[in-house]
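Quick notes on the structure that follows.
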Amino acid sequence: MKKCYNTTMKEKHDKQHLVQALLEWYDANARILPWRSEPTPYRVWVSEIMLQQTRVEAVKPYFERFVNALPDVHALANADDDELHKLWEGLGYYNRVKNMKKCAQYCVKHYAGSLPNSYELLKQLPGIGDYTAGAIASIAFHLPYPAVDGNVLRVFSRLLVSEDDILKERTKKKFQNIIKEYIPIERCDAFTQALMEIGALICVPNAMPRCNICPLAEDCIGYQSHQAQRLPIKEKKKARRIEKKTILVVVHQKEVLLQQRAEDGLLAGLYEFITLDGEREEEEVMAFLGHERIHKIIKLRSAKHIFSHVEWHMQGYLLEVKEKLDGLWCTQQALEQQYAIPTAFKAYKDALYTWWRTQE
DNA sequence: AAGGCGGGGCT
DNA sequence: AGCCCAGCCTT
């Protein structure tokens, strides 16, 4: 049976009124966020990269630490890769920070260490797509470009009752063109942020939209026709695959054996404990390292880590070896200050610390 | 057009 | 257990 969403055609939607209501609400309700206090191009850029697919609350502590350690484009361009990974450790999508360094080096070479004051030029930089170029252009440079992220797609799907799949590229282009017509030239920075703020605080995902306190309800066709809640339209994502891994925490006195991951692919360039594909038995693990080298082996608890597209089911072993085999041996201090370990290994990092404590 | 790429918080 | 987040890049 097909549900009918026909409306009485008397819903109201007035661009000027909507924008005015949005900006008034934003002026009174905008959260105080670190990158809003001093919206220089560099700080806006750093914040926007960090905020890609990442919640505001997760970004806050990383942002402060990052801009303190690397206060400008030149500092970032000259930063060491291990230092960058350490500053990004736990934030995810590590390719973002690698692209930022490339970007910084390019800006030093071609733009005298500044970000370009142009949407088109911004978009040519690595890691800056339609959304981020629009966000930097509007927020940092006060240029009238739309910044269409997940929040904005959701808000406008509901405002206009759009049945388009918001995951489609075509839908994003369509909304970019629509939203251009709403941008108040003199306040394009506030407009960009206000739309996302409404999306984050009022027109929320994963829950009932708070239409009762929404300043846009008067101009929201979705609200007026009681369809806000069922929108936006999104195709379902495919299921994740499962990969089994065996994690070897190899220790000798107060040091642990690490290895660096490949420069491409998942968690590229970060450090990890010795990781084997598949689920390995204790006997197999001992043979891998050489029985004669092993002083002690302890089976650790199994652990699971969920990435976007894959799920790791891990079994860990702690192995105390009689002497150091070849490889990157690392003290607790180096582990904390130098080498970035992805969160996936947290359970085994915890086990390592427990082991070290028992050795004191 | 589709899939790779983190991690966490919410329902 | 799934959904989604101030998305972008490669294939």
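Note: hydrogens, waters and symmetry copies are ignored here, and every other heavy atom, side chains too, is used. Convention: sequence-line order gives letters A, B, ...; per-chain numbering from 1.
A close approach under 4.0 Å does not occur between any side-chain nitrogen or oxygen of A/Lys238 and OP1 or OP2 of B/dA1. Not one side-chain nitrogen or oxygen of A/His309 sits closer than 4.0 Å to the OP1 or OP2 atom of B/dG3. In this structure, A/Arg154 reaches the C/dC5 phosphate: one of its side-chain N or O atoms is under 4.0 Å from OP1 or OP2. At least one side-chain nitrogen or oxygen of A/Arg241 sits closer than 4.0 Å to the OP1 or OP2 atom of B/dG4. Taking only side-chain nitrogens and oxygens, A/Gln53 comes nearer than 4.0 Å to OP1 or OP2 of C/dG7. Between A/Lys172 and C/dG7 there is no side-chain polar atom (N or O) within less than 4.0 angstrom of OP1 or OP2.
Residue A/Trp35 is classed as a base contact, given a heavy-atom separation below 4.0 Å to a base. Counting non-hydrogen atoms under 4.0 angstrom, A/Phe307 reaches the backbone sugars and phosphates but no base. Using a 4.0 Å heavy-atom distance criterion, A/Leu33 is classed as a base contact. Note on A/Asn206: a base of the nucleic acid sits closer than 4.0 angstrom, heavy atoms only. Within the 4.0 angstrom heavy-atom criterion, only backbone atoms of the sugar-phosphate kind lie near A/Gly265; the bases stay farther away.
Annotation: A/Tyr145 is in aromatic contact with A/Tyr119 [ring centroid separation under 6.0 Å]. A centroid separation of 6.0 Å or more is found between the aromatic rings of A/Trp88 and A/Tyr62. The ring of A/Tyr182 has its center closer than 6.0 angstrom to the ring center of A/Phe156.
A donor N or O paired with an acceptor N or O is not found under 3.5 Å between the base of B/dG8 and the side-chain atoms of A/Thr54. With hydrogens and angles ignored, a donor-acceptor pair under 3.5 angstrom links the side chain of A/Arg55 to the base of C/dC4.
Ring geometry, A/His309 versus A/Phe307: the interplanar angle falls from 30° to 60°, so the pair is classed tilted.
Residue A/Ala344 has its side chain nearest to B/dG7 when only C/dA6, B/dG6, B/dG7 are considered. The side chain of A/Ala207 lies closest to B/dT11, out of C/dC4, B/dT11, B/dC5. Taking the side chain of A/Tyr93 as heavy atoms from C-beta on, and the options B/dA1, B/dC5, B/dG8, the nearest nucleotide is B/dC5.
Nearest-nucleotide positions on DNA chain C place A/Pro205 closer to the 5' end than the other of A/Pro205 and A/Gly127. DNA chain B is contacted by both A/Leu266 and A/Glu169; A/Glu169 maps to the nucleotide lying nearer its 5′ end (nearest heavy atom per residue).
One finds the NE2 atom of A/His313 at 8.0 Å from the NZ atom of A/Lys244 (value rounded to the nearest 0.5 Å).
Going from the P atom of B/dG9 to that of C/dC8 covers 24 Å, rounded to whole Å. When the P atom is compared between B/dC5 and C/dA6, the two are found 23 Å apart, to the nearest whole Å.
When the C1' atom of B/dG4 is taken as reference, atom CG of A/Asn99 falls 14 Å away, rounded to whole Å. Rounding to whole angstrom units, CG of residue A/Leu201 and P of C/dC5 are separated by 14 Å.
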